[in-house]
Amino acid sequence: MVLCLAALPGCYYLQAARGQWELTRKREPIERVLAAEDTSPALAARLRLVQEARQFAIDELGLPDNDTYRTFADIERDYVVWNVFAVPEFSMRAKTWCFPIVGCISYRGYFARDDAERKAQRLARQGYDVAVSGVAAYSTLGKLRDPVLSSMMKWDDVQLVGVLFHELAHQVLYVKDDTAFNESFATAVEEFGVLRWLRSRGMQREMDEYLDRRRLRQVLMDLVAVARDELEVIYAADINEDDKRAAKSMRLEVLRSAVVDRLEEAGRDPGGWLTGELNNARLLSMTLYEGRLPEFRAVFAGCDEDVACFYAEARRLAGR
């Protein structure tokens with residue numbers, strides 16, 4: 001890191017250090033924000049919700065009791081980082097990047113959108129399918145005192161609580177070099193955590209809405225999984241690249257139409273799902289968080305929904 005900062009002003013780690021310093025510089029204890037006269041009632045309500053959910057995560061979900069999400073940072077933008085995904089044109093195997101602590105992951109994050117877009121353009125010129133996705137929450141796996149971010153305030157209450165549970169789950173179990181395992185595990189914790197949160201508060205209508213959203217998402221994930229399997233067959237076929245390219249385009253268009261149909265049937269706007277070009281990288285970004293979710297759901301059910309048992313079984317699956 002020191003060599004990078006001294007010798008390579010444009011290097012990746014420099015922008016990461018700058019971005020992290022911005023978060024560190026801007027964070028304030030939530031209690032101080034709540035006590036400030038210029039804090040809006042809306043923000044105060046959301047921060048009190050964070051405090052309640054943070055304590056629930058400790059008491060009911062066995063998630064870490066530390067300094068994470070005890071502070072707030074107003075970053076004055078919609079996203080904290082932008083992730084770049086890259087997958088070869090005729091493959092479903094993602095390009096990975098390797099870093100200290102976290103190991104190899106299936107995306108590369110940038111604190112500035114322009115930096116992410118430039119990286120994506122360079123990868124596209126190398127022949128990769130690329131996708132850039134804005135991310136509103138950011139985690140250092142408990143290594144630093146991650147703040148609640150202003151970018152997270154745009155979510156509804158259930159989404160906000162769910163993301164807190166998700167990010168804290170990474171501190172319970174994180175496996176180097178296995179993005180699919182890590183994100184699916186955290187999504188499972190998020191899912192059963194939200195359901196317990198809503199049930200404990202007697203919020204039946206919100207629970208029904210949440211379950212409806214999860215069922216719809218599972219339908220869409222199933223459509224994407226089938227498309228990925230069929231694309232892999234196309235990519236492995238003994239045909240020339242032009243024919244592969246045409247077959248790929250047709251299959252992606254079938255997927256797009258199917259997704260639009262399902263979303264419109266459910267009264268949902270397809271725009272959020274289908275922003276940007278639909279390609280291998282976009283499929284990866286869609287499924288990254290839930291590829292092994294059914295497996296973790298089965299583990300949780302097999303533990304009779306006991307959280308400690310679930311964490312122990314997940315560690316066993318991870319070889320820990």
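When reading the values below, keep in mind they use all heavy atoms of this one structure, side chains included, and skip hydrogens, waters and symmetry mates.
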Undergrad: Of all heavy-atom pairs between A281 and A131, which one has the smallest distance, and what is that distance?
TA: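 Smallest heavy-atom distance, with atoms named: CB-N, 3.6 Å.
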Undergrad: Taking all non-hydrogen atoms of both residues into account, name the closest pair between L198 and M207 and its distance.
TA: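 Taking L198 first and M207 second, the nearest heavy atoms are CD1-CA, 3.7 Å.
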Undergrad: Flag the pair R213 / V158 as yes when at least one side-chain heavy-atom distance between them is below 4.5 Å, and no otherwise.
TA: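 When only atoms from C-beta onward are counted, V158 and R213 do touch, with a gap below 4.5 Å.
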Undergrad: Just wondering, do D212 and R215 contact through their side chains at under 4.5 Å, heavy atoms?
TA: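 Yes, close enough: below the 4.5 Å cut-off.
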Undergrad: The test is side chain to side chain contact (heavy atoms under 4.5 Å, CB included); show your working for M153 and L160 and say whether it passes.
TA: CA-CA 7 Å; M153 297 295 105; L160 176 58; 4.1 Å; yes
Undergrad: State whether the side chain of R118 and the backbone N or O of Q121 hold a donor-acceptor pair below 3.5 Å, judged by distance alone.
TA: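 Checking the backbone N and O of Q121 against the side chain of R118, no donor-acceptor pair under 3.5 Å is found.
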Undergrad: Quick check: closest heavy atoms across A137 and L149, and the distance to 0.1 Å?
TA: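 In terms of heavy atoms, the two residues are closest at CA-CD1, 4.5 Å.
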Undergrad: Mind checking the CZ-CG spacing from R46 to D156? Nearest 0.5 Å is all I need.
TA: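 If I round to the nearest 0.5 Å, the distance is 7.5 Å.
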Undergrad: Do NZ/NE/NH1/NH2 and the carboxylate oxygens of R201 and E206 come within less than 4.0 Å?
TA: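 No, this pair does not count.
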Undergrad: May I ask you to say whether D65 pairs ionically with R54, meaning some side-chain N is under 4.0 Å from a carboxylate O?
TA: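 So D65 does not pair with R54 through a salt bridge.
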Undergrad: Any idea which heavy atoms bring P64 and V172 closest together, and the distance?
TA: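 The pair with the smallest heavy-atom distance is CD-CG2, 3.9 Å.
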Undergrad: Just verifying a value: how many Å separate R25 CZ and R18 CZ, rounded to the nearest 0.5 Å?
TA: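 It comes to 13.0 Å.
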Undergrad: Any link between V194 and I58 through a network of hydrophobic side chains (Ile, Leu, Val, Met, Phe, Trp, Tyr) touching at under 4.5 Å?
TA: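 Not linked; separate clusters.
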Undergrad: So does Y69 get a backbone contact from the side chain of D146, meaning a donor-acceptor N/O pair under 3.5 Å?
TA: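 No, because the side chain of D146 does not come within donor-acceptor range (under 3.5 Å) of the backbone of Y69.
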Undergrad: Under a 3.5 Å distance rule, please check whether S249 uses its side chain to pair with a backbone N or O of A246 as donor and acceptor.
TA: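 No: the side chain of S249 does not pair with the backbone of A246.
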Undergrad: If you measure from CD on E60 to CH2 on W197, what distance do you get to the nearest 0.5 Å?
TA: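 Going from the CD atom of E60 to the CH2 atom of W197 covers 10.5 Å.
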Undergrad: Side-chain heavy atoms nearer than 4.5 Å, only ILVMFWY residues, links allowed to pass through others: does that put M152 and L49 together?
TA: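 Yes; L49 is reachable from M152 via cluster members.
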Undergrad: List in chain and number order the residues that pass side chain to side chain contact (heavy atoms under 4.5 Å, CB included) with R251, two or more places apart in sequence or in another chain; answer none if no residue qualifies.
TA: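 By the side chain to side chain contact (heavy atoms under 4.5 Å, CB included) rule, R251 matches V226, A227, E230, L231, I234, V254, L255.
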Undergrad: With under 30° as parallel and over 60° as perpendicular, where do the rings of F185 and F181 fit, or are they tilted in between?
TA: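 F185 vs F181 ring planes: parallel.
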Undergrad: Could you check, using the six-membered ring where one of them is a Trp, whether Y79 and Y110 have ring centers closer than 6.0 angstrom?
TA: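 Judged by ring-centre distance (under 6.0 Å), Y79 and Y110 do not meet the cut-off.
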Undergrad: Yes or no on salt bridge (Lys or Arg N to Asp or Glu O under 4.0 Å) for K248 and D129, after CA distance, side-chain angles and deciding distance?
TA: CA-CA 12 Å; K248 171 185 177 181; D129 282 9; 2.6 Å; yes
Undergrad: Does this structure show an ion pair linking R217 with E191, if we count only N-O contacts that are shorter than 4.0 Å?
TA: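 Looking at E191 together with R217, the answer is no, because their closest N to O distance does not fall below 4.0 Å.
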Undergrad: Donor-acceptor check, side chain of N279 to backbone of V130, threshold 3.5 angstrom: yes or no?
TA: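 Looks like yes, one N/O pair under 3.5 Å.
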Undergrad: S151 side chain to A136 main-chain N or O, any donor-acceptor pair under 3.5 Å?
TA: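 Checking the backbone N and O of A136 against the side chain of S151, a donor-acceptor pair under 3.5 Å is found.
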Undergrad: I'd like to know if L141 and Y13 are part of one continuous hydrophobic network [Ile/Leu/Val/Met/Phe/Trp/Tyr, side-chain heavy atoms within less than 4.5 Å].
TA: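 Yes, same cluster.
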Undergrad: Can V163 be reached from L211 by stepping across I, L, V, M, F, W or Y side chains whose heavy atoms are under 4.5 Å apart?
TA: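 As far as the 4.5 Å side-chain criterion goes, V163 and L211 are connected within one cluster.
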Undergrad: For T287 and R228, test the side chains for any donor-to-acceptor distance below 3.5 angstrom and give the result as yes or no.
TA: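 Note: T287 and R228 side chains meet the donor-acceptor criterion.
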Undergrad: Would you say the side chain of Q171 lies within less than 4.5 Å of the side chain of E167, judging by non-hydrogen atoms?
TA: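 No, side chains not in contact.
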Undergrad: Which pairs pass side chain to side chain donor-acceptor pair (under 3.5 Å) with one or both residues in residues 28-42, sequence neighbours excluded?
TA: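 Sorted result for residues 28-42: E31-Q51.
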Undergrad: Heavy-atom distance under 4.5 Å between the side chains of T140 and T68, does that happen here?
TA: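 They are not in side-chain contact.
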Undergrad: For the CG atom of L293 and the CD atom of E183, what is their distance to the nearest 0.5 Å?
TA: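 Reported to 0.5 Å precision, the distance equals 11.5 Å.
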Undergrad: Show your reasoning for whether side chain to side chain contact (heavy atoms under 4.5 Å, CB included) applies to M286 and M221.
TA: CA-CA 8 Å; M286 287 179 176; M221 289 297 97; 4.3 Å; yes
Undergrad: List for me each residue that meets ring-ring contact (aromatic ring centres under 6.0 Å, His included) alongside Y107, sequence neighbours excluded, and say none if there are none.
TA: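 Y107 satisfies ring-ring contact (aromatic ring centres under 6.0 Å, His included) with F85 once adjacent residues are dropped.
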Undergrad: Which pair of non-hydrogen atoms, one from L278 and one from L252, has the smallest distance, and what is that distance?
TA: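 In terms of heavy atoms, the two residues are closest at O-CD1, 3.2 Å.
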Undergrad: Looking at N83, is its backbone amide N or carbonyl O close enough to the side chain of S133 to form a donor-acceptor pair, meaning the two atoms are under 3.5 Å apart?
TA: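 Side chain of S133 to backbone of N83: no pair is present.
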Undergrad: Heavy atoms, side chains only, cut-off 4.5 Å: are L164 and L63 in contact?
TA: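 A side-chain contact under 4.5 Å is absent here.
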Undergrad: Side-chain contact test, heavy atoms from C-beta onward, threshold under 4.5 Å: evaluate it for F192 versus V307 and give yes or no.
TA: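 Sidechains of V307 and F192: in contact.
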Undergrad: Could you list the residues that satisfy ring-ring contact (aromatic ring centres under 6.0 Å, His included) with Y210, not counting sequence neighbours?
TA: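 ring-ring contact (aromatic ring centres under 6.0 Å, His included) list for Y210, sorted by chain: empty.
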Undergrad: Can you get from F90 to M250 by hopping between Ile, Leu, Val, Met, Phe, Trp and Tyr side chains that sit under 4.5 Å apart?
TA: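 Each belongs to a different hydrophobic cluster.
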Undergrad: Looking at L216, is its backbone amide N or carbonyl O close enough to the side chain of R268 to form a donor-acceptor pair, meaning the two atoms are under 3.5 Å apart?
TA: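 No, the answer is negative, given that no donor and acceptor are paired below the 3.5 Å cut-off.
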Undergrad: Answer yes or no: is there a side-chain heavy-atom contact under 4.5 Å between R70 and I30?
TA: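 The answer is no; the side chains never approach within 4.5 Å.
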Undergrad: Can you pull out every side chain to side chain donor-acceptor pair (under 3.5 Å) where at least one residue sits in residues 298-313? Sequence neighbours excluded, please.
TA: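 Residue pairs with at least one partner in residues 298-313: E313-R316.
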Undergrad: Run the side chain to side chain contact (heavy atoms under 4.5 Å, CB included) check on L173 and R315 step by step: do they pass?
TA: CA-CA 7 Å; L173 179 59; R315 291 189 181 96; 4.1 Å; yes
Undergrad: Surrounding CZ of R113 (heavy atoms of other residues, nucleotides or ligands, distance under 6.0 Å), is the total greater than 12?
TA: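 No - once you tally the heavy atoms of other residues, nucleotides and ligands closer than 6.0 Å, there are 12 at most.
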Undergrad: Go through the steps to decide whether R48 and E52 satisfy the test salt bridge (Lys or Arg N to Asp or Glu O under 4.0 Å), and finish with yes or no.
TA: CA-CA 6 Å; R48 291 191 185 96; E52 291 177 23; over 6 Å; no
Undergrad: Is the backbone N or O of V175 less than 3.5 Å from a side-chain atom of N182, with the two atoms forming a donor-acceptor pair by type?
TA: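 At least one qualifying donor-acceptor pair exists.
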Undergrad: Is the backbone N or O of Y12 less than 3.5 Å from a side-chain atom of Q15, with the two atoms forming a donor-acceptor pair by type?
TA: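 Checking the backbone N and O of Y12 against the side chain of Q15, a donor-acceptor pair under 3.5 Å is found.
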Undergrad: Looking at CG of L168 and CD of E190, how far apart are the two atoms once the value is rounded to the nearest 0.5 Å?
TA: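 Going from CG on L168 over to CD on E190, the span is 11.5 Å.
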Undergrad: If you round to the nearest 0.5 Å, how far is NZ of K244 from OH of Y235?
TA: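 One gets 9.5 Å once the value is rounded to the nearest 0.5 Å.
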Undergrad: Strictly by side chain to side chain donor-acceptor pair (under 3.5 Å), give each pair with a member in residues 85-104 just once, sequence neighbours left out.
TA: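 As it turns out, the side chain to side chain donor-acceptor pair (under 3.5 Å) pairs with a partner in residues 85-104, which skip direct neighbours, are E89-R245.
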Undergrad: Carefully, step by step, assess F72 and L43 under the rule side chain to side chain contact (heavy atoms under 4.5 Å, CB included).
TA: CA-CA 10 Å; F72 174 74; L43 176 59; 3.9 Å; yes
Undergrad: Using every non-hydrogen atom in the two residues, find where A112 and W82 come nearest and quote the distance to one decimal.
TA: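 Heavy-atom minimum between the residues: C-CE3, 3.8 Å.
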